[in-house]
Q: 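Structure provided below as structure tokens; questions to follow.
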Amino acid sequence: MKIFKTRREFQQYALELKRAGKTIGLVPTMGFLHDGHMSLIDIARAKADVVMVSIFVNPTQFAPNEDFDRYPRDFDGDVAKCADHGADVIFAPEPGEMYDADASVWVEETSLSRPLCGRSRPTFYRGVTTVVAKLFLLAQPDYAVFGLKDAQQCFVIQKMVRDLDFPIEIIPAPLVRDSDGLALSSRNRYLSADERSRALSIHRALLTAKEEIISDRQAMAAAIEKAKSAIAAAGGRVDYVDILDCRTMEVPTADSRQVILAAAAFFGTTRLIDNEIFEI
Ligand code: PAF
């Protein structure tokens, strides 16, 4: 497995692969890899000749009060996991390598990125789309795989790819859960045992609300309020619970088919997100 630390060497290698007619599958990550990431690598492995994994804790998607400094990192462990799952290339730039000191260009999606996490983390998606656009130009992928745990991120990136004509197929991958139902996340590492068991309320509340909404569309608002109360009763500080049309990321209308019921809540100082995507 090849490991690149600089943008230029990585891009050079990717361009050589393209000239040789190879297809490339990219899995962008912030490292501290878990089984959810492994499922993304497996999907890329099944699609492309060459699988690249980027490992970069991207400073531009963290607000100053967020957890950039303490975000968990385990480079050696990540390399071993990537090798186990057949990745061919790791791109792991140092923070100072990824952005020039006087960088002044952003890539920003201004519609789908606004609600949900975009409301509580107003600079988050701008950081994500900027770094992902850079990763796309460096890695030259034919496919890029993103997990649906952050479904909004996936939709925003699909929109970026469409609007800016990146010749890349975005592959959304199913959210992966632990056996108890908690959505896998590198941030789960922050949770105490007690917080972790109370955090299971997020998924439970979403499942209950989903059933209620499927059986009675008119019950949407009540089901959402009930879900918020259930998470709060378990000790969570609710950021949002909301249901939106997946296509528009706006309030569902009579024409809406696929919807996302999404939640974000703090347990202790850890902010967790989860969602259910379904037809109404
Ligand atoms: O989902 C993530 O881990 C990050 O937002 C991403 C896509 C790697 C961009 O930094």
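What you are looking at is a predicted structure, and each value in this text was computed from that prediction instead of being measured. Each residue takes its place number in the sequence, starting with 1.
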Q: Taking a hydrophobic cluster as the set of Ile, Leu, Val, Met, Phe, Trp and Tyr residues connected by side-chain heavy atoms closer than 4.5 Å, whether directly or through intermediates, do Leu184 and Val57 fall within one such cluster?
A: no

Q: Look up atom CG in Leu135 and atom CD in Gln11, then write down how far apart they are to the nearest 0.5 Å.
A: 11.0 Å

Q: About how many Å separate NZ of Lys2 and CZ of Phe10, when rounded to the nearest 0.5 Å?
A: 12.5 Å

Q: Please write out which residues are connected to Phe266 in a hydrophobic cluster, directly or through intermediates, given that two of Ile, Leu, Val, Met, Phe, Trp, Tyr count as joined at side-chain heavy-atom separations below 4.5 angstrom.
A: none

Q: Output the distance between atom OG (Ser256) and atom CZ (Arg247), rounded to the nearest 0.5 Å.
A: 7.0 Å

Q: I need the Asp239 CG to Arg271 CZ distance, nearest 0.5 Å.
A: 4.5 Å

Q: Considering non-hydrogen atoms only, spot the tightest contact between Glu109 and Thr129 and give its length.
A: N-OG1, 4.4 Å

Q: With Phe4, which of Phe91, Tyr13, Phe56 fulfils ring pair (Phe, Tyr, Trp, His ring centres under 6.0 Å)?
A: Tyr13

Q: For Asp35, does the CG atom sit with more than 12 other heavy atoms under 6.0 Å from it, leaving out its own atoms?
A: no

Q: Give me the other members of the hydrophobic cluster that Leu15 sits in, counting Ile, Leu, Val, Met, Phe, Trp and Tyr linked by side-chain heavy atoms under 4.5 Å, directly or via other members.
A: none

Q: Same hydrophobic cluster for Ile202 and Leu191, using side-chain heavy-atom links shorter than 4.5 Å among ILVMFWY?
A: yes

Q: Look at the side-chain heavy atoms of Ile, Leu, Val, Met, Phe, Trp and Tyr, link any pair under 4.5 Å apart, and say whether Ile170 and Leu137 land in one connected group.
A: yes

Q: List the atom of Ala263, the atom of Ile231, and the distance in Å for their closest heavy-atom pair.
A: CB-CD1, 4.5 Å

Q: Could you tell me which non-hydrogen atom of Glu97 sits nearest to which non-hydrogen atom of Arg7, and how far apart they are?
A: OE2-N, 2.7 Å

Q: Looking at every heavy atom in both Val251 and Leu244, which two are closest together, and how far apart are they?
A: N-CD2, 3.9 Å

Q: Please say yes or no: joined through hydrophobic side-chain contacts below 4.5 Å, possibly via intermediate residues, are Met30 and Val128 part of one cluster?
A: no

Q: Start with the C-alpha distance between Phe124 and Glu66, add both sets of side-chain angles, then the distance that settles side-chain contact (heavy atoms from CB on, under 4.5 Å), and finish with yes or no.
A: CA-CA 11 Å; Phe124 171 67; Glu66 293 181 344; 5.6 Å; no

Q: What about Ile168 and Val132, same hydrophobic cluster or not, with Ile/Leu/Val/Met/Phe/Trp/Tyr joined at side-chain heavy-atom distances under 4.5 Å?
A: yes

Q: Can you run down the side-chain hydrogen bond (donor to acceptor under 3.5 Å, both in side chains) pairs that involve residues 73-87, sequence neighbours left out, and say none if there aren't any?
A: Asp42-His85

Q: Run the side-chain contact (heavy atoms from CB on, under 4.5 Å) test on Met52 and Ile24 for me, step by step, so that the C-alpha distance in whole Å, both residues' side-chain angles and the decisive distance to 0.1 Å come before the verdict.
A: CA-CA 7 Å; Met52 299 181 167; Ile24 296 176; 3.6 Å; yes

Q: Write out all pairs satisfying side-chain hydrogen bond (donor to acceptor under 3.5 Å, both in side chains) with one or both partners inside residues 158-172, taking only residues at least two apart or from two chains.
A: none

Q: Can you tell whether the side chains of Asp88 and Arg45 come within less than 4.0 Å, N to carboxylate O?
A: yes

Q: Give every residue pair that meets the side-chain hydrogen bond (donor to acceptor under 3.5 Å, both in side chains) criterion with at least one member in residues 130-145, sequence neighbours excluded.
A: Lys18-Asp142

Q: Quick check for you: to the nearest 0.5 Å, what is the distance between Leu33 atom CG and Met38 atom CE?
A: 4.5 Å

Q: Give every donor-acceptor pair under 3.5 Å between a side-chain atom in residues 175-182 and any protein atom, sequence neighbours left out.
A:
residue, atom, partner, partner atom, Å
Arg177, NE, His203, NE2, 3.3
Arg177, NH1, Gly181, O, 2.9
Arg177, NH1, Asp274, OD1, 3.4
Arg177, NH1, Asp274, OD2, 2.9
Arg177, NH2, Asp274, OD1, 2.9
Arg177, NH2, Glu276, OE2, 3.4
Asp178, OD2, Arg196, NH2, 2.8
Asp180, OD1, Leu182, N, 3.2
Asp180, OD2, Arg196, NH1, 2.5

Q: Is there a side-chain contact (heavy atoms from CB on, under 4.5 Å) between Ile224 and Leu261? Walk through the geometry before answering.
A: CA-CA 9 Å; Ile224 285 170; Leu261 173 63; 4.3 Å; yes

Q: Would Arg198 and Glu195 pass as an ion pair if we require N to O under 4.0 Å?
A: no

Q: Between Asn58 and Tyr99, is there a side-chain donor-acceptor contact under 3.5 Å, judged purely by atom types and distance?
A: yes

Q: Using side-chain hydrogen bond (donor to acceptor under 3.5 Å, both in side chains) as the criterion, point out the one residue from Thr270, Asp67, Thr269 that pairs with Tyr190.
A: Asp67

Q: Would you please classify the geometry between the Phe136 ring and the Phe146 ring as parallel, tilted or perpendicular, with 30° and 60° separating the classes?
A: perpendicular

Q: Are more than 12 heavy atoms from other residues, nucleotides or ligands located less than 6.0 Å from atom CZ of Arg217?
A: yes

Q: Give, for atom CD1 of Ile213 and atom OG1 of Thr208, the distance between the pair rounded to the nearest 0.5 Å.
A: 10.5 Å

Q: A quick test of your reading: do over 12 heavy atoms of other residues, nucleotides or ligands sit less than 6.0 Å from CZ of Arg187?
A: yes

Q: Evaluate the criterion side-chain contact (heavy atoms from CB on, under 4.5 Å) for residue pair His34 and Ser186; output intermediate values, then yes/no.
A: CA-CA 7 Å; His34 51 64; Ser186 304; 3.7 Å; yes

